[in-house]
**Student:** 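Have a look at the structure that comes next, please.
Just so you know, these numbers use all the heavy atoms, side chains as well, and skip hydrogens, waters and symmetry mates.
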Amino acid sequence: MNRRTLLAALAAVALVGNSAYAADAPKDIVDTAVAAGSFKTLATALTAAGLIDTLKGKGPFTVFAPTDEAFAKLPAGTLDALLKDKAKLTAILTYHVVPGKVMAADVVKLKNAKTVQGSSVTIDTTKGVKVDGANVVKTDIACTNGVIHVIDTVILPKM
């Protein structure tokens, strides 16, 4: 029995035995973000870019996840244009993902981190933690295939 099947079986048993426990069952990065309710735009963008299956995969991944409010800061029309340009959207979204599971205690020791997109993000810990200028507002949201750190701004690779 593979891990995903085992987790599904455990969740089903928990649902029958205790519905409150099932709600707390471990989820992958995508399901965790969707359940949070503040990443609807990110979920839409991941779907448009065809990255849902990747971020539901084995991982591990570290995702610097911009909130809906972060996407709202983009200039008018930017998001709509990105949703129509799969290549550019994919490059931006994969710039928010670092291979491996990098917890907050590890992030603060780094000056930069190479992303799945191929470029590196800069990490500044002088006043809080910033990733390419975006404030990290919540850390270490554990997922079955990695970790999410919430950021307040969409970060953009140099293209």
**Student:** Are I29 and F61 packed together at the side-chain level, in the sense that at least one heavy-atom pair is separated by less than 4.5 angstrom?
**Tutor:**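 They are in side-chain contact.
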**Student:** Other than V121, what residues sit in its cluster of Ile, Leu, Val, Met, Phe, Trp and Tyr side chains whose heavy atoms are under 4.5 Å apart, directly or through others?
**Tutor:**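 Its cluster partners, ordered by chain and number, are F64, Y95, V98, V102, V107, V108, L110, I123, V129, V131, V136, I151, I155.
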**Student:** Is the closest side-chain heavy-atom distance between H96 and V154 below 4.5 Å?
**Tutor:**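 Side chain of H96 against side chain of V154, heavy atoms only: contact under 4.5 Å found.
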**Student:** Taking side chain to side chain donor-acceptor pair (under 3.5 Å) as the test, write out the residues that go with T44, two or more places apart.
**Tutor:**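 Checked T44 against side chain to side chain donor-acceptor pair (under 3.5 Å); zero matches.
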**Student:** Would you check, one step at a time, whether the test side chain to side chain contact (heavy atoms under 4.5 Å, CB included) holds for I148 with C143?
**Tutor:** CA-CA 7 Å; I148 297 172; C143 306; 3.9 Å; yes
**Student:** Under the salt bridge (charged side-chain N to carboxylate O under 4.0 Å, His left out) definition, can you give me all pairs with a residue in residues 29-47, not counting sequence neighbours?
**Tutor:** D31-K56
**Student:** Tell me which donor-acceptor pairs under 3.5 Å the side chains of residues 69-76 have, and how far apart each pair is, sequence neighbours excluded?
**Tutor:**
from, atom 1, to, atom 2, distance (Å)
E69, OE1, T67, OG1, 3.4
K73, NZ, D152, O, 2.9
K73, NZ, T153, OG1, 3.4

**Student:** Under 4.5 Å between any side-chain heavy atoms of L42 and L46, yes or no?
**Tutor:**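 Yes, their side chains come closer than 4.5 Å.
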**Student:** Please name all residues satisfying side chain to side chain donor-acceptor pair (under 3.5 Å) with T32, sequence neighbours left out, ordered by chain then number.
**Tutor:**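 Once residues adjacent in sequence are excluded, T32 has no partner under the side chain to side chain donor-acceptor pair (under 3.5 Å) criterion.
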**Student:** Does any non-hydrogen side-chain atom of H149 lie less than 4.5 Å from one of I141?
**Tutor:**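 When only atoms from C-beta onward are counted, H149 and I141 do not touch, as no gap falls below 4.5 Å.
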**Student:** Between the side chains of T122 and N112, does any donor sit under 3.5 Å from an acceptor?
**Tutor:** no
**Student:** What residues, two or more places apart in sequence or in another chain, satisfy side chain to side chain donor-acceptor pair (under 3.5 Å) together with T94?
**Tutor:** none
